[in-house]
Amino acid sequence: MVRKLTAAAAALATLTASCAPPSQPPVKVRALVLSSNGEYSPTEVELKTVTNIVTMEGQVMKTVGSALIRLDSADPELSAAQGKGDEAYKRAVLKDAGRSVTASYITDEKGVLWPADFHTWNLVTTYYNLERAWDYFINTAAVKAAELPQTTTYYFPEFVLADLNDEPQVDNAIYFSPVQAFLVLPFKTIEKAPMALNASILTHEYAHLVFNRRVYEGQGVPVAIQNWSLDGNTPGLNALKSLDEGLADFHAYVASCSTSYNCNPRVLYTTLEGQQAEARDLSKKWCMGTELSQSLYTANFGQFDPRHYQVGTIVASALYEAASTSPAWRQVLARAVVAAYSDEDSTKYGLAQLTKTYLGNQSGFTLARALRSIVQHIPNGEVDLKTRVCSNFATRLRIPLTELSGGTDAGPNDCPEGATINDCSITP
């Protein structure tokens, strides 16, 4: 991928230098986009929300380079910030706020901008991918634009999670809630497409932002995560973080269906190879194994645990299977998932409200109760879709249908009578 990009940049020698790139949207520019043949290629796109193409800033994101972000439980500044709010916590973690980036372009005979170096290709494609994710959540998932203000993207920061490793993190693109920003990290060992070029990965990360805004009310360090992580067994924390990962993969899949590559159930495959990529393939009929099922209730997954992804992939594959045959169903289900993030209606509480309800007793926040909220937000007129979702949840996640329908507390928004539990044997 990097070699191909270098060759593409060299081909620009016949183009003319651009003295003043346009600053008002839309801006026509080349980005690296996954084509229908599975290859990333320089493709003419429009950035519809960018207001400064040189500093890569616009309605969707503001780019900052050279930042230093360090999370260290032994840091006295971090200790002093505890209990003083998100801004104090952010200041303690953000050791160097960084500075603006400068992108360079060459203009072709049609007035289209071509990135003149690797970092500009990476920056443009990052903006384009996040803009598409932003557009997906507004127009497909029905999130109001006011809920999705401009978000900072720290480009190639020095990012240290000192409790795990004192070496800066690499080879990743993440949404990091303590600083309420995206981090596009330097790449070191990835031989395929860097993370920021992978639209599905950035949509997954943007989905974490939406989850944070709605479920955690935009908290940098969510209260539920803080409180629940202190217990010996963390069933609520395990379920909540697994849902965050799995539902992000589902949104990445639905968003991919509007691209030239078409629906992509394999979020990682153009970036990672082998088992890492296969383990997140939503088209496989993943099922919950006994050991993983028990660990949801008896283990403490902590902040960084592969079991979050294992459980999340099963949830996402269940949603994929339920809606993959119908574009209309995909949109209905995407909207139902987002609607289930927060709903004050006590007959179909959202995840935010359920989290608050069980804040003092996380054992009440079960995966079944959370998934029931998604079921309840599927319109009652979509009987076939709701039946498929209930059947897949029950089958894939080893959940009794009575728990998805509330048992004696069953209501009109719960699983239809036609839902069934079927055989399932492929475990992660």
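Each residue takes its place number in the sequence, starting with 1.
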Practice prompt. Just say parallel, tilted or perpendicular for the rings of His204 and His208, cut-offs at 30° and 60°.
Written response: perpendicular
Worksheet entry | Candidate pair Asn300 and Asn233, rule side chain to side chain contact (heavy atoms under 4.5 Å, CB included), full reasoning | CA-CA 5 Å; Asn300 185 328; Asn233 300 331; 5.9 Å; no
Practice prompt. Check step by step if side chain to side chain contact (heavy atoms under 4.5 Å, CB included) holds for Thr125 and Asn129.
Written response: CA-CA 6 Å; Thr125 306; Asn129 286 337; 3.6 Å; yes
Worksheet item: Sub-3.5 Å donor-acceptor pair from the side chain of Thr107 to the main-chain atoms of Leu113, do we have one?
Response: no
Discussion item. So that I can tick it off, tell me whether Arg70 and Asp166 are bridged by a salt bridge, with the cut-off set at under 4.0 angstrom between side-chain N and carboxylate O.
Written reply: yes
Fill in: CG-NZ distance between Asp108 and Lys28, expressed to the nearest 0.5 angstrom
10.0 Å
Item to complete: Walk me through it: do Phe137 and His251 pass the test ring-ring contact (aromatic ring centres under 6.0 Å, His included)?
Response: CA-CA 9 Å; Phe137 277 102; His251 284 303; 4.9 Å; yes
Item to complete: May I ask you to decide if Ala141's main-chain N or O and Gln331's side chain share a donor-acceptor pair within less than 3.5 Å?
Response: no
Practice prompt. Over all heavy atoms of both residues, which pair between Leu385 and Ala322 is shortest? Give the atoms and the distance, please.
Written response: CD1-O, 3.9 Å
Worksheet item: Taking Gln294 for the side chain and Thr298 for the main chain, is one N or O donor matched with an acceptor at less than 3.5 Å?
Response: no
Worksheet item: When rounded to the nearest 0.5 angstrom, what distance separates CG in Leu130 from OG1 in Thr49?
Response: 9.5 Å
Worksheet item: So, do Leu185 and Asp171 sit near enough that their side-chain heavy atoms are less than 4.5 Å apart?
Response: no
Worksheet item: Between Tyr341 and Phe211, what is the ring plane arrangement, given parallel below 30°, perpendicular above 60°, and tilted in between?
Response: perpendicular
Discussion item. Between Trp121 (side chain only) and Leu32 (backbone N and O only), is there a donor and an acceptor less than 3.5 Å apart?
Written reply: no
Worksheet item: What's the shortest heavy-atom distance between Thr271 and Ile201, and which atoms?
Response: OG1-CD1, 3.8 Å
Quick one: side chains of residues 57-64, donor-acceptor pairs under 3.5 Å with protein atoms, not counting sequence neighbours, listed by atom name and distance.
{"residue": "Glu57", "atom": "OE2", "partner": "Gln150", "partner atom": "NE2", "Å": "3.4"}
{"residue": "Thr63", "atom": "OG1", "partner": "Met56", "partner atom": "O", "Å": "2.7"}

Discussion item. Closer than 3.5 angstrom, by distance alone: can the side chain of Lys386 be matched with the main-chain N or O of Ile378 as a donor-acceptor pair?
Written reply: yes
Worksheet item: So do the side chains of Met288 and Leu367 get within less than 4.5 Å of each other, counting heavy atoms only?
Response: yes
Discussion item. Quick one, Gln180 with Thr152, criterion side-chain hydrogen bond (donor to acceptor under 3.5 Å, both in side chains). Give me CA distance, side-chain angles, the key distance, then yes/no.
Written reply: CA-CA 8 Å; Gln180 295 285 289; Thr152 298; over 6 Å; no
Worksheet item: Do Leu240 and Thr355 come close enough that some side-chain heavy atom pair is under 4.5 Å?
Response: yes
Worksheet item: Given Ile69, which of Val93, Asp96, Val160 fulfils the side chain to side chain contact (heavy atoms under 4.5 Å, CB included) condition?
Response: Val93
Item to complete: Starting at CD of Gln169, measure out to CG of Leu71 and round the result to the nearest 0.5 Å.
Response: 10.5 Å
Worksheet item: With a 4.5 Å limit on heavy-atom distance, are the side chains of Tyr154 and Phe176 in contact?
Response: no
Item to complete: With side-chain hydrogen bond (donor to acceptor under 3.5 Å, both in side chains) as the test, would you mind laying out the steps for Asn122 and Tyr155 before giving the verdict?
Response: CA-CA 10 Å; Asn122 211 23; Tyr155 182 75; 3.1 Å; yes
Discussion item. Let me confirm one number: the CH2-CG distance from Trp286 to Leu292, rounded to the nearest 0.5 Å.
Written reply: 11.5 Å
Worksheet item: Are the side chain of Ser177 and the backbone N or O of Gly220 linked by a donor-acceptor pair below 3.5 Å?
Response: yes
Worksheet item: Taking Glu205 for the side chain and Tyr175 for the main chain, is one N or O donor matched with an acceptor at less than 3.5 Å?
Response: yes
Worksheet item: Do we see a donor-acceptor contact under 3.5 Å between the side chains of Asn198 and Thr270?
Response: yes
Discussion item. What verdict does the side chain to side chain contact (heavy atoms under 4.5 Å, CB included) test give for Tyr105 and Thr120, after you've listed the backbone C-alpha separation in whole Å, the side-chain angles of each residue and the deciding distance to 0.1 Å?
Written reply: CA-CA 8 Å; Tyr105 301 93; Thr120 302; 3.6 Å; yes
Worksheet item: So, the side chain of Asn238 versus the backbone of Ala299: is there a donor-acceptor pair under 3.5 Å, distance only?
Response: yes
Practice prompt. Would you confirm whether Ser293, through its side chain, and Thr290, through its main-chain N or O, come within 3.5 Å as a donor-acceptor pair?
Written response: no
Discussion item. What I'd like to find out is whether the side chain of Tyr261 reaches to under 4.5 Å of the side chain of Asn37, using heavy atoms alone.
Written reply: no
Worksheet item: Do the charged groups of Glu131 and Lys48 touch, with an N to O distance under 4.0 Å?
Response: no
Worksheet item: Between Asp75 and Lys95, is there a side-chain N and carboxylate O pair less than 4.0 Å apart?
Response: yes
Worksheet item: Between Ser373 and His377, which heavy-atom pair has the shortest distance, and what is it?
Response: O-ND1, 2.7 Å
Discussion item. Between Thr43 and Arg30, is the side-chain hydrogen bond (donor to acceptor under 3.5 Å, both in side chains) condition met? List the steps.
Written reply: CA-CA 5 Å; Thr43 303; Arg30 292 271 174 168; 5.8 Å; no
Worksheet item: Which atom pair, heavy atoms only, marks the closest approach of Glu403 to Ala368?
Response: OE1-CB, 3.4 Å
Discussion item. Please enumerate all residues that pass side chain to side chain donor-acceptor pair (under 3.5 Å) together with Asn361, with sequence neighbours excluded.
Written reply: Ser363
Worksheet item: Looking at side-chain heavy atoms only, is the closest gap between Leu148 and Leu209 below 4.5 Å?
Response: yes
Worksheet entry | Where at least one partner belongs to residues 81-94, residue pairs that pass side-chain hydrogen bond (donor to acceptor under 3.5 Å, both in side chains), sequence neighbours excluded | none
Worksheet item: Side-chain contact, heavy-atom cut-off 4.5 Å: Pro42 with Trp114?
Response: yes
Worksheet item: Taking C-beta and beyond as the side chain, do Phe393 and Leu319 meet within less than 4.5 Å on heavy atoms?
Response: yes
Worksheet item: Considering all heavy atoms of both residues, which atom of Gly406 and which atom of Asp414 are nearest to each other, and what is their separation?
Response: N-OD2, 4.2 Å
Practice prompt. Begin from the C-alpha positions of Asn52 and Thr55 and carry the test side chain to side chain contact (heavy atoms under 4.5 Å, CB included) through to its verdict.
Written response: CA-CA 6 Å; Asn52 191 322; Thr55 61; 3.1 Å; yes
Worksheet item: Distance only, no hydrogens: is a donor on one side chain within 3.5 Å (strictly under) of an acceptor on the other, for Asp231 and Thr234?
Response: no
Worksheet entry | Test applied, side chain to side chain donor-acceptor pair (under 3.5 Å); reference residue, Ser342; option that passes from Gln353, Arg214, Arg213 | Gln353
Worksheet entry | Tyr309 atom OH: more than 12 heavy-atom contacts under 6.0 Å | no
Worksheet item: Any side-chain donor paired with an acceptor under 3.5 Å for Arg132 and Thr203?
Response: no
Worksheet item: Hey, is Lys284 close enough to Glu278 for a salt bridge, meaning N to O under 4.0 Å?
Response: yes
Worksheet item: Which atom names give the shortest non-hydrogen contact between Leu282 and Ala316, and what distance separates them?
Response: CD2-CB, 3.6 Å
Worksheet item: With distance as the sole test, does Ser256 use its side chain to make a donor-acceptor pair with the main-chain N or O of Tyr253 at under 3.5 Å?
Response: yes
Discussion item. To the closest 0.5 Å, what do you measure between CG (Asn262) and CG (Leu34)?
Written reply: 11.0 Å
